[in-house]
Amino acid sequence: MSIDVAQVAVPPEEELSMAEQFALEYDVSVEEASRLLNVQAEAGDLVSILASKFGEGAFDAQTEVRDGSVSLLLRTEDDTIAHLAESLADSKKVTLTIEATRPFASHTQTLEEAIPRFAAIYPDGGLQGVYIDKSSGEIVLDVKESSDAQRAAAEEVASSVVASDAEWAASARKVESSFARVEASGEEAGDAAIMRGGNRVTGGGGICTAGFTAQTGTTSISNRGYWTAGHCGTSLSWYANPGGSGSTYGSSYSSAAYNSSADIAYFTIIPSTHSTYTTFYGDSLSTPRQNPQSISLALVGSYLCHRGITTGYQCGEVTSNEYAPTWSNACNGMTCQARFVRVAADQAGGDSGGPWLWTNGTGTNRAYGIHKSGASTWSVFSKLSYAPASTRLRYNY
């Protein structure tokens with residue numbers, strides 16, 4: 001899909017900060033929003049440590065904002081994981097609840113195997129993605145539209161899928177007598193590449209957004225570049241002006257992880273005399289933020305934001321960190337695995353490739369992913385842990 005650059009909406013120069021958007025979303029003061037976001041970030045750091053030691057599928061983790069506080073729920077059968085989590089929660093002053101039960105993450109493969117059955121109910125790309133709700137254990141289907149008959153059929157398949165695993169059936173909670181939740185967007189999701197992080201890039205007759213600046217090999221200038229979405233193509237130029245006007249400069253396709261687990265490409269800047277800064281545009285197009293030293297893991301329930309050349313700065317709550325896109329050619333001809341992240345945040349064509357981030361506006365920033373696609377009210381991004389091999393965030397060099 002290609003859209004004329006002139007048709008792309010230009011984001012407003014004055015945008016709400018992450019704390020201001022969070023304050024509106026949860027009806028709290030901006031000061032309270034900043035405090036709650038910091039607690040969420042500490043919870044995310046805790047979970048990132050657990051994931052690095054035991055793998056993401058070894059537990060479920062999600063945050064919840066309620067009555068002016070943030071709590072972290074961890075679901076695992078592994079005592080070692082539970083004990084380490086308790087120790088980390090004490091040191092980080094995170095309110096932690098542990099449920100000693102099998103995590104819903106362990107059923108991901110069962111869900112992936114069932115995708116063709118759901119796709120048969122919603123043919124011609126009508127099924128856009130699936131995931132397991134970590135709160136209830138129900139199967140959630142993103143679809144373009146759904147008739148009553150299709151919804152009933154989806155609920156029947158979901159019930160049989162959950163029932164095929166006794167532990168899943170025992171721990172999942174039915175919602176209105178069903179193990180399925182069908183969410184119809186009324187839109188067709190897809191990788192609409194209407195071709196420093198957050199800048200506009202262009203190629204192939206359309207636009208995308210540059211993600212975080214990145215690095216390969218040594219700190220040589222010739223090894224510096226940026227991440228964007230793999231579906232944006234292999235021939236891209238970039239704008240130094242963050243609003244996407246003025247001169248464009250060349251970049252060279254280097255490598256990509258455009259497969260069943262990710263949609264990320266890495267480009268180097270040409271000529272190498274041009275600069276790639278260790279900063280990105282997040283909550284402001286006038287004040288760039290410093291790249292963090294390392295990547296972070298998206299946590300269900302956390303509040304994250306992205307920068308896109310079309311919609312600007314948009315934020316929302318993570319609804320799944322094991323999301324399987326199913327729209328047409330979502331994974332470059334492969335069947336997508338449940339490795340992507342879904343967020344209840346606005347997006348549009350042209351935002352593809354942009355950075356997913358967290359910032360408190362005072363110098364503490366976190367990098368989570370590269371924008372892929374979605375519908376107008378929900379977004380999907382690739383985890384940076386699946387970025388092309390040998391590439392890494394640029395940080396202070």
Side-chain angles (χ1 to χ4, degrees), residues 43 46-47 50-51 53-66 71-86 89 94-122 127 129-143 146 150-183 297-302 317-324 326 335-342 344:
L46 183 161
V47 173
L50 296 179
K53 292 180 67 67
F54 304 104
E56 293 182 41
F59 56 85
D60 291 336
Q62 62 189 97
T63 61
E64 182 179 46
V65 178
R66 179 182 294 178
S71 59
L72 172 64
L73 170 64
L74 195 74
R75 187 181 293 109
T76 181
E77 295 178 306
D78 191 319
D79 289 340
T80 302
I81 295 176
H83 291 156
L84 178 56
E86 289 172 340
V94 172
T95 301
L96 174 68
T97 299
I98 297 178
E99 291 185 4
T101 185
R102 186 180 176 188
F104 290 124
S106 64
H107 307 298
T108 297
Q109 184 175 348
T110 302
L111 174 64
E112 291 174 339
E113 292 171 350
I115 288 176
R117 298 172 64 185
F118 290 115
I121 300 171
Y122 297 96
L127 180 67
V130 300
Y131 66 99
I132 300 173
D133 187 312
K134 295 291 183 66
S135 298
S136 63
E138 64 184 321
I139 296 174
V140 185
L141 307 179
D142 279 320
V143 301
S146 181
Q150 287 175 311
R151 189 179 300 271
E155 291 174 350
E156 182 177 350
V157 170
S159 293
S160 68
V161 171
V162 175
S164 68
D165 188 315
E167 291 192 53
W168 190 354
S171 57
R173 300 195 303 273
K174 287 187 177 181
V175 178
E176 296 181 356
S177 302
S178 172
F179 285 118
R181 187 169 81 241
V182 178
E183 299 188 351
L297 176 69
L299 185 60
V300 172
S302 290
E317 186 176 299
V318 176
T319 51
S320 174
N321 56 12
E322 293 171 337
Y323 188 76
T326 60
T335 300
C336 297
Q337 293 182 293
R339 300 288 186 272
F340 297 82
V341 179
R342 182 187 188 275

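- Heavy atoms only, all atoms of each residue included: C336 and A324 are closest at O-CB, 4.3 Å.
- With respect to the salt-bridge test (charged N to carboxylate O, under 4.0 angstrom), the residues R342 and E183 qualify.
- S135 and Q62 form a side-chain donor-acceptor contact under 3.5 Å, judged by distance and modelled atom types alone.
- Counting only distance, with no hydrogens or angles, the side chain of R75 and the backbone of K134 share a donor-acceptor pair below 3.5 Å.
- We find that D78 and R102 are not joined by a salt bridge, their nearest charged nitrogen and carboxylate oxygen being 4.0 Å or further apart.
- With hydrogens and angles disregarded, a donor-acceptor distance shorter than 3.5 Å links the side chain of D60 to the backbone of F104.
- Under the 3.5 Å distance criterion, the side-chain polar atoms of W168 are matched with a main-chain donor or acceptor of G137.
- Proximity of a side-chain donor or acceptor of E112 to a complementary backbone N or O of A338 within less than 3.5 Å is detected.
- Side chains of T110 and S164 form a contact here, defined as non-hydrogen atoms less than 4.5 Å apart.
- Summarising the geometry of T63 relative to S302, their closest heavy-atom pair is OG1-N, 3.3 Å, with the distance given to 0.1 Å.
- Contact detail for E77 and E167: the closest heavy-atom pair is OE2-OE1, 3.7 Å.
- Closest heavy-atom contact between V300 and S320: CG2-CA, 4.1 Å.
- Considering CZ of R339 and CD of E56, their distance stands at 8.5 Å, rounded to 0.5 Å.
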*Do V130 and L111 pass the side chain to side chain contact (heavy atoms under 4.5 Å, CB included) test, and can you show the C-alpha distance, the side-chain angles, and the key distance before you say yes or no?*
CA-CA 8 Å; V130 300; L111 174 64; 4.1 Å; yes
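- A side-chain N or O of R117 and one of S160 form a donor-acceptor pair less than 3.5 Å apart.
- In this structure, the side chains of R181 and D133 come closer than 4.5 Å at one or more pairs of heavy atoms.
- Nearest heavy atom pair, residue A85 against residue L74, reads CB-CD2, 3.5 Å.
- Evaluation of the side chain to side chain contact (heavy atoms under 4.5 Å, CB included) rule for S159 yields F179 as partners, not counting sequence neighbours.
- Side-chain atoms of T326 come within 3.5 Å of backbone N or O of G129 as a donor-acceptor pair.
- At a threshold of 4.5 Å between non-hydrogen side-chain atoms, the residues V47 and L72 count as touching.
- Closest heavy-atom contact between I98 and A82: CD1-O, 3.6 Å.
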*For the pair F54 and T80, evaluate side chain to side chain contact (heavy atoms under 4.5 Å, CB included) and give the outcome as yes or no after the intermediate values.*
CA-CA 10 Å; F54 304 104; T80 302; 4.0 Å; yes
_Worked verdict on Y122 versus V182 for side chain to side chain contact (heavy atoms under 4.5 Å, CB included)_ = CA-CA 11 Å; Y122 297 96; V182 178; 3.7 Å; yes
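- Listed by chain and number, the residues in a side chain to side chain contact (heavy atoms under 4.5 Å, CB included) with E113 are Q109 (sequence neighbours excluded).
- The backbone N or O of I121 lies less than 3.5 Å from a partner atom in the side chain of Q150, making a donor-acceptor pair.
- Judged by distance alone, the side chains of S136 and E138 do bring a donor and an acceptor atom under 3.5 Å apart.
- Take Y323 and apply the ring pair (Phe, Tyr, Trp, His ring centres under 6.0 Å) test, not counting sequence neighbours, and it matches Y131.
- From L127, atom CG reaches atom CD1 of I115 across 7.5 Å, with rounding to the nearest 0.5 Å.
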_Before you tell me yes or no, could you show the steps for L299 and V318 under side chain to side chain contact (heavy atoms under 4.5 Å, CB included), namely the whole-Å CA-CA distance, both residues' side-chain angles and the distance that decides it to 0.1 Å?_
CA-CA 7 Å; L299 185 60; V318 176; over 6 Å; no
